Amino acid sequence: MDLVLSKESIDNIISALDEDVLRAGADCVLLVDRSGNLIVNRGDPANLDVVALAALSAANFGATAEIAKLIGEDDFALLFHKGKNENIHFTKVGKGFILITLFGKDVSLGLIRLNTARVTDTLIPILGGEL
Amino acid sequence: MSFIDLSKNEVQCKIVFYGPGRGGKTTNLLYLHQAMTDSVRGKMVTIDTKGDRTLFFDFLPLALGQIQGLSIKIQLYTVPGQVMYNATRKLVLKGVDGIVFVADSLKVQKEKNIESLENLRQNLAEDNVDIKEIPLVLQYNKRDLGGSNIPILSVEEMQEDLNKELQVPWFSGSALKGDGVFETLREISKGTVKYVSRKLLSR
Ligand SMILES: Nc1nc2c(ncn2[C@@H]2O[C@H](COP(=O)(O)OP(=O)(O)OP(=O)(O)O)[C@@H](O)[C@H]2O)c(=O)[nH]1
Ligand SMILES: [Mg+2]
């Protein structure tokens, strides 16, 4: 179950993330796999430890999936944490990946939801085609 | 699950330190973290500890340089060793590419070592991973206590208990003093990169 991505696939992921997520006003967007590997990160993650963020998000998502099972759900499709200035939004991408979006208080959650849902549809074939 | 990025010629692998509670998994990572230069190590993350017991996991990313033109990024994780945290152990094991089993040399921990190795075998099997297939290295930790008045297991006895069937590489060590820690890391990294690239070539 290893993932190998060509330069072309990486480029396609990057342009999808830039067009759909960063253009919607997100500060930063990361695609990670559920074992914690960082696949791609875009935006301006100055001072942000993206490697640690990838590992912690994968674990957080895994823990939440276990909670979902306890209450009779399969999984939660998205998670959202609201901060004072910065918010973080996690969306499931297929079975094996998570999209993490960071955005400020001036950006609407609805827009982020809409655009991450759209980009998810673009990403699944790129990732799934090579699983 | 390893990830290979051909646009950067980079491979990322996940190595998990497993073993009974208080065996020295976190101490291994702490030693590596303080012994490595900034160019090699990333930030160590330790979440949710209560005293010195791990409740979720520790995490240490390392950049180990180049092998055959591929740059190697390794993520080290520890699991909580205490028996009751099995759900968390399974979670951390997700997508593992290589394992270090840290066994405790204390005589009173003899059964705990055996149980923990059996628990590892089971958890891997549930994810369709065969313990005999995945790279695995044993570390017999706390050898510095030899000669003290605390009874410890002989290396022969630990080999008999844990490695008779598996026949994997093993090291005596002291995570507290740093003995055997780099040797363990080198062996598991080598094995894991080989394993990942072999899987790749057979695709
Ligand atoms: N003498 C000696 N003590 C050690 C050694 N390695 C670890 N210890 C001590 O053993 C205790 C437990 O070590 P940890 O590294 O926290 O053990 P752990 O495997 O992470 O334990 P859990 O998180 O509960 O699974 C600590 O007090 C360490 O200082 C060693 O090589 N020699
Ligand atoms: Mg620990």
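Just so you know, these numbers use all the heavy atoms, side chains as well, and skip hydrogens, waters and symmetry mates. These figures come from a predicted structure and were not determined experimentally. Just so it is clear: chains get the letters A, B, ... in the order the sequence lines come, proteins before strands, and each one is counted from 1.
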Just how far is it from atom [atom1] of [X] to atom [atom2] of [Y], taken to the nearest 0.5 Å?
X: A/K7; Y: B/N9; atom1: NZ; atom2: CG; answer: 11.5 Å
X: B/K43; Y: A/D49; atom1: NZ; atom2: CG; answer: 5.5 Å
X: A/S6; Y: B/D5; atom1: OG; atom2: CG; answer: 9.5 Å

Please, which pairs that meet salt bridge (charged side-chain N to carboxylate O under 4.0 Å, His left out) have at least one residue in [range], sequence neighbours excluded?
range: residues 100-109 of chain A; value: none
range: residues 82-106 of chain B; value: B/K90-B/E126, B/D104-B/K142
range: residues 61-72 of chain A; value: A/E66-A/K69

Within the supplied structure, the quantity of interest is the number of heavy atoms (other residues, nucleotides, ligands) at a distance under 6.0 Å from [X] [atom1]; does it exceed 12?
X: B/Q34; atom1: CD; value: yes
X: A/E8; atom1: CD; value: no
X: A/K92; atom1: NZ; value: yes
X: B/D130; atom1: CG; value: yes

- line: Here the pair of heavy atoms bringing A/G36 nearest to B/Y77 is CA-OH, 4.0 Å
- prompt: Which heavy-atom pair separates B/L91 from A/A59 by the least distance, and what is that distance?
  reply: CD2-O, 3.6 Å
Does the side chain of [X] reach to within under 4.5 Å of the side chain of [Y], using non-hydrogen atoms?
X: B/F3; Y: A/L5; answer: yes
X: B/F57; Y: A/L56; answer: yes
X: A/V51; Y: B/Q75; answer: yes

field: Contact class of A/N37 relative to chain B, heavy atoms under 4.5 angstrom
entry: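 A/N37 touches chain B through backbone and side-chain heavy atoms alike.
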- request: Select one option (side chain, backbone, both, neither) describing which atoms of A/A65 are under 4.5 Å from chain B's heavy atoms.
  value: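 No part of A/A65 comes within 4.5 Å of chain B.
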field: Residue-level interface, residues 10-30 of chain A with chain B, non-hydrogen cut-off under 4.5 Å
entry: A/I10
query: Hey, does the side chain of B/K14 reach the backbone of A/S35 with a donor-acceptor pair shorter than 3.5 angstrom?
result: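 It does hold such a pair.
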